[in-house]
Amino acid sequence: SYVYGNGGDTEARSGFQVQRARLIASGAVYDFNYLLSGEWDTGVSVFELKDAAVMTTFNDFGVKAGQFVTSFYSGWVTNPTTLVDGEYTISALTFGQGRSQGIEFNRTFGDFRAFVSYNDGFYSANGPKTMARGQYPIRPMGNPTEYGISARLEYDMSEDFTFGGAFAYQDQTVDNYSTYTVDMTYKFDKFDFNAAYVSANWGDSWNNYSVVGTASYEVTDSIQAFAQYEYGVIENADSNLNVGTVGFNYIFNSNVRWTNSVGYAFNGISNEFDVGEIGWDNSSTDGQYLIRSMVQISF
């Protein structure tokens, strides 16, 4: 991928990098499916385990155990290249669940799907975390999660419209907290739209939340245009998150996709929001912009 960012009070930054080099193995052994994946960390060139899970069905219940992405916030998925813009949002990095180690049960009841999980907390993959990504201003160092529980319910209101919601609780050694989310997905012909709201009770305040909306349209069989907007609030942050992105995908085939986008920050991106390694920088003033061109190859 190539990234160029500038504007606001940030310094210009640009360059090519391998944003994500991941190996995935999946399949079935007897009555068990498995998923094993890992990727090279672009910052330190270390191979990091991502997923190590087994799945099966038991008495009409689906069961997943190991290390995996818990079913909670729709903006955080196992493989971000499946997202229309090919990358997580700032909201997903800040409020999303990351990977956990635990067990999850699911079952379908007609048009409803239910998920219940017991795990070791958000962002706890590969060992206990003393500081969650995106929550470091509120969750201090030395505050690991003792355990976490989450539940999600999805309802297919029609063939093209799905509504979902989830709740999670994190029991920590110092300060427990809860978080919830609601989301919807609508598809009509060549038009797709999804929106999600997620809120967390950090520091005894529910005034920590984010809203993300993404729309896409298939212009041709090969070209998909998209637009995305996210707005977020964190208690006592210097500014609210206010970012818009437009772009397009050129789909060569099912294994090769070229994604181009331009994003603009209408406010500064306060340090409380996690920008990860997706190209944005924390800033105190508005006007930051991000140009990203990324080729995704899978085989």
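Taking the six-membered ring for Trp, F252 and Y250 have ring centres closer than 6.0 Å. A distance below 6.0 Å separates the ring centres of Y2 and F16. Taking the six-membered ring where the residue is Trp, the centroids of Y186 and F193 are separated by 6.0 Å or more. In this structure, Y197 has its ring center closer than 6.0 angstrom to the ring center of Y209. Taking the ring centroids of F266 and Y264, they lie under the 6.0 Å cut-off. In this structure, the ring of W206 has its center less than 6.0 angstrom from the ring center of Y180.
Considering only heavy atoms from C-beta on, L153 stays 4.5 Å or farther from R113 through its side chain. At a threshold of 4.5 Å between non-hydrogen side-chain atoms, the residues I103 and F105 count as touching. Using a 4.5 Å heavy-atom threshold, the side chains of N119 and S117 count as touching. N6 places none of its side-chain heavy atoms less than 4.5 Å from the side chain of Q288. For the pair V243/L241, a side-chain contact is recorded, criterion being any heavy-atom separation below 4.5 Å from C-beta on.
Under 3.5 Å, the side chains of D85 and S261 contain no donor-acceptor pair of N or O atoms. Counting only N and O atoms by type, the side chains of D120 and S100 include no donor and acceptor under 3.5 Å apart. Side-chain contact of S71 with E104: a donor-acceptor pair under 3.5 Å is present, judged by distance alone. Judged by distance alone, the side chains of D51 and S37 do bring a donor and an acceptor atom under 3.5 Å apart.
With respect to R20 and E87, a salt bridge is recorded, a charged nitrogen being found less than 4.0 Å from a carboxylate O. In this structure, E218 does not pair ionically with K190, as no charged nitrogen and carboxylate oxygen lie closer than 4.0 Å. Electrostatic pairing of K50 and E48 counts as a salt bridge here, judged by a charged N lying under 4.0 Å from a carboxylate O.
Side-chain atoms of N282 come within 3.5 Å of backbone atoms of S270 as a donor-acceptor pair (strictly under, hydrogens ignored). Without hydrogens or angle criteria, S210 side chain to Y231 main chain gives a donor-acceptor distance under 3.5 Å. A donor-acceptor contact shorter than 3.5 Å links the side chain of R257 to the backbone of T81. The closest donor-acceptor contact from the side chain of D274 to the backbone of G276 lies under 3.5 Å. Side-chain atoms of T82 come within 3.5 Å of backbone N or O of N79 as a donor-acceptor pair. Looking only at distances, a side-chain donor or acceptor of D9 sits under 3.5 Å from a matching main-chain atom of S284.
Summarising the geometry, atom CG belonging to L36 is positioned 10.0 Å from atom CD1 belonging to I24; distances are rounded to the nearest 0.5 Å. Between the CD1 atom of I90 and the CZ atom of F273 there is a distance of 8.5 Å, given to the nearest 0.5 Å. To the nearest 0.5 Å, the span separating CG on L23 from CG on L49 amounts to 11.5 Å.
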- F163 and Y155: ring-ring contact (aromatic ring centres under 6.0 Å, His included), yes or no, with the steps? CA-CA 5 Å; F163 180 81; Y155 173 51; 8.3 Å; no
- Item | Derivation of the side chain to side chain donor-acceptor pair (under 3.5 Å) call for S178 and N201 | CA-CA 5 Å; S178 301; N201 184 6; 5.6 Å; no
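When the options F122, F95, Y88 are evaluated for a ring-ring contact (aromatic ring centres under 6.0 Å, His included) with W76, the one that passes is Y88.
Counting non-hydrogen atoms of other residues, nucleotides and ligands closer than 6.0 Å to CZ of F167 gives a total above 12. The 12-atom threshold is not exceeded at CG of D204, counting heavy atoms of other residues, nucleotides or ligands nearer than 6.0 Å.
Hydrophobic clustering (side-chain heavy atoms under 4.5 Å, transitive across Ile, Leu, Val, Met, Phe, Trp, Tyr) keeps F226 apart from L290. No continuous path of ILVMFWY side-chain contacts below 4.5 Å connects I291 to F248, so the two sit in separate hydrophobic clusters. One hydrophobic cluster, built from ILVMFWY side chains closer than 4.5 Å, cannot hold both F58 and M55; they sit in different ones. V84 and I297 are members of different hydrophobic clusters when ILVMFWY side chains are connected at heavy-atom separations under 4.5 Å. Under the 4.5 Å side-chain contact rule for hydrophobic residues, I269 and L93 share a cluster.
Relative to the ring axis of F61, R107 places its NZ or CZ within 45° and under 6.0 Å from the centre.
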